[in-house]
Number of protein chains: 2
Amino acid sequence: MNIGLEKYRYYTELMRDNDLFSDISHDALDQLLEISSAQYWPKKTCILDPTHTLYTFYIILSGKVKGYVFDDKHDRPLTLFLLTQNDVFDVFTLINGEVRDIRYETLCDTEVLSIPMYKLHEWIHQNQDVYKALLKYTTDKMRQMENYISNLIMEDTSIRLARLLYNHVNPSSRHVELLSGLTHDELGALIGTTRTMIGRHIQAFKEEGILRTERREIEITNLALLLQKISLNT
Amino acid sequence: MNIGLEKYRYYTELMRDNDLFSDISHDALDQLLEISSAQYWPKKTCILDPTHTLYTFYIILSGKVKGYVFDDKHDRPLTLFLLTQNDVFDVFTLINGEVRDIRYETLCDTEVLSIPMYKLHEWIHQNQDVYKALLKYTTDKMRQMENYISNLIMEDTSIRLARLLYNHVNPSSRHVELLSGLTHDELGALIGTTRTMIGRHIQAFKEEGILRTERREIEITNLALLLQKISLNT
DNA sequence: CGCTAATTGCTACCTAGGTCACATTTATAC
DNA sequence: GTATAAATGTGACCTAGGTAGCAATTAGCG
């Protein structure tokens with residue numbers, strides 16, 4: 001990484017905070033940063049080529065990335081997971097060396113470290129401790145995925161939307177910053193439903209006094225009511 | 001393990017075939033078998049206590065086990081995954097040491113190796129190579145789970161049932177042995193729907209000449225038609 | 001065997017949520 | 001600004017799949 005010292009320190013701090021690398025020695029972390037390069041991805045940057053993650057591994061420093069598959073039958077994308085600070089992708093291709101048909105797209109401006117796979121493999125070979133950390137990481141993701149599955153089957157779309165909003169509201173500003181600027185189509189993709197449904201639910205939430213919208217900004221006006229909607233129906 | 005030599009050899013062979021332990025030395029595998037005890041679980045054996053897997057780890061030698069959560073709202077169980085030969089559970093509690101609210105139940109007679117967690121932790125400490133194998137194992141499970149999610153959202157219940165049958169049919173006998181003996185309620189739990197729906201679809205499949213039933217035995221009479229049902233609608 | 005409980009088949013009905021259509025509003029480009 | 005495209009609001013309508021109820025069948029057990 002040929003960057004300024006200040007930036008370098010910033011990356012080191014971020015990596016040090018990442019549970020995946022907390023057991024890694026200072027030297028090893030330096031070596032990892034050596035083979036990494038920082039990238040800035042503006043909102044809506046896409047990785048559409050599924051083979052791309054065969055050759056490059058990413059560590060998210062800030063921002064949000066969604067991983068999704070495309071549903072040909074209904075002609076719509078379907079989000080499988082959201083990745084954010086300290087997440088990495090794609091562990092599956094890193095370990096198994098196989099392509100899988102998942103695409104990525106940034107939901108907001110995002111900073112990542114990009115690492116060539118073959119260099120990362122070399123680094124991991126010298127730092128086998130990371131396997132344990134990666135295992136903890138993936139089992140944790142797996143639990144999240146199990147929750148997502150039960151959520152999908154057990155809850156209806158309005159509760160899923162309420163939960164999405166609640167999980168991403170900024171407690172101080174009451175704005176749902178992550179989701180602001182997304183169209184109803186995109187919100188639908190995040191919870192596995194259609195723009196029509198999103199529109200209807202948002203209208204309903206407005207009437208119930210839960211939220212207010214203005215130019216694709218969503219502001220929660222009554223957080224208690226929103227929370228109630230999630231927890232009552234379980 | 002104080003068992004006959006023959007049984008012991010049988011277990012060793014099974015473990016040797018398990019990808020999780022293929023990189024483990026002969027000695028280490030012996031040590032693992034030392035701390036294991038074999039158990040035979042008849043069909044419908046349940047592990048209802050979620051804390052149980054905090055203290056015991058299982059390796060499935062033969063049979064099938066489903067992991068599920070209970071949906072209080074609809075008052076029905078919902079299967080998250082099926083485990084079979086060479087699967088282990090629960091990796092999450094092994095690594096994170098936390099309980100999670102998942103129950104287990106055997107779908108047919110099942111043989112497992114049971115290992116006390118604290119002994120397994122000691123063993124793993126001496127055999128850190130297993131982390132890499134476990135990581136491969138979990139990432140693979142994760143991909144299966146992703147497929148399950150897209151399946152749930154994209155396909156309707158009849159296709160999910162068709163796929164369930166297709167995945168478990170014995171190609172030579174044409175019988176769906178795993179699912180034979182299960183009630184419609186239990187089949188419903190496996191694909192996230194109700195007994196009514198299962199009944200309707202099975203009736204429909206009969207009329208289409210896809211299958212035949214007799215005393216809870218399901219026999220596929222036209223495999224091509226079944227396959228067509230799965231693959232046409234994607 | 002014969003009794004009881006569980007399972008199934010089937011009907012009628014209801015609801016969530018999807019599709020389609022089209023007017024209205026908002027963004028973006030020129 | 002205006003023209004064009006994109007996004008939204010809203011209506012009517014349709015379908016999958018859920019619920020409830022009950023009769024018919026089957027399994028399990030003394």
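Lettering of chains follows the sequences in order, A, B, ..., and the numbering in each one begins at 1.
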Exercise for the section: Flag yes if more than 12 heavy atoms outside A:K66 fall under 6.0 Å of its NZ atom; otherwise flag no. Expected result: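 For A:K66, atom NZ is crowded (more than 12 foreign heavy atoms under 6.0 Å).
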Exercise for the section: Would you give a per-nucleotide map of nucleotides 6-13 of chain C, 5' to 3', where B means the base has a protein non-hydrogen atom under 4.0 Å away, S means only the sugar-phosphate does, and - means neither? Expected result: -SBBBBB-
Handout entry: Sidechain N-carboxylate O distance under 4.0 Å for B:E186, B:K44
Key =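 Yes, B:E186 and B:K44 are salt-bridged.
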Handout entry: Carboxylate-amine/guanidinium proximity below 4.0 Å for B:E219 and B:R174
Key =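 Between B:R174 and B:E219 there is no salt bridge, as every charged N stays at least 4.0 Å from the carboxylate O atoms.
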Problem - Parallel, tilted or perpendicular: rings of A:Y104 and A:F81 (30°, 60°) - result: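 Taking A:Y104 first and then A:F81, their aromatic rings sit tilted (interplane angle of 30° to 60°).
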Exercise for the section: Over all heavy atoms of both residues, which pair between A:K141 and A:D87 is shortest? Give the atoms and the distance, please. Expected result: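 Where A:K141 meets A:D87 most closely, the heavy atoms are NZ-OD1, 2.8 Å.
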Exercise for the section: Please determine which of B:T79, B:N151, B:I198, B:L78 meets the side chain to side chain contact (heavy atoms under 4.5 Å, CB included) test together with B:I191. Expected result: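 So the option named by the test is B:I198.
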Practice task
In whole angstrom, give the distance that lies between atom CE of A:M197 and atom C1' of C:dG18.
Solution key: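 Taking CE of A:M197 and C1' of C:dG18, I get 6 Å after rounding.
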Exercise for the section: Using atom CG of A:D71 as one end and atom P of C:dG17 as the other, report the distance to the nearest whole Å. Expected result: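 Rounded to the whole Å, the gap is 17 Å.
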Exercise for the section: Indicate yes or no for a side-chain donor-acceptor contact from B:T221 to the backbone of B:I210 under 3.5 Å, with no hydrogens or angles considered. Expected result: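 Confirmed, B:T221 side chain pairs with B:I210 backbone.
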Handout entry: N/O donor-acceptor pair under 3.5 Å between B:T106 side chain and B:T45 backbone
Key =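 Yes; judged by distance alone, with no hydrogens or angles, the pair exists.
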Handout entry: Nucleotide range of DNA chain D lying under 4.0 Å from chain B heavy atoms
Key =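 Using the under 4.0 Å cut-off, the span is D:dA16 to D:dA27.
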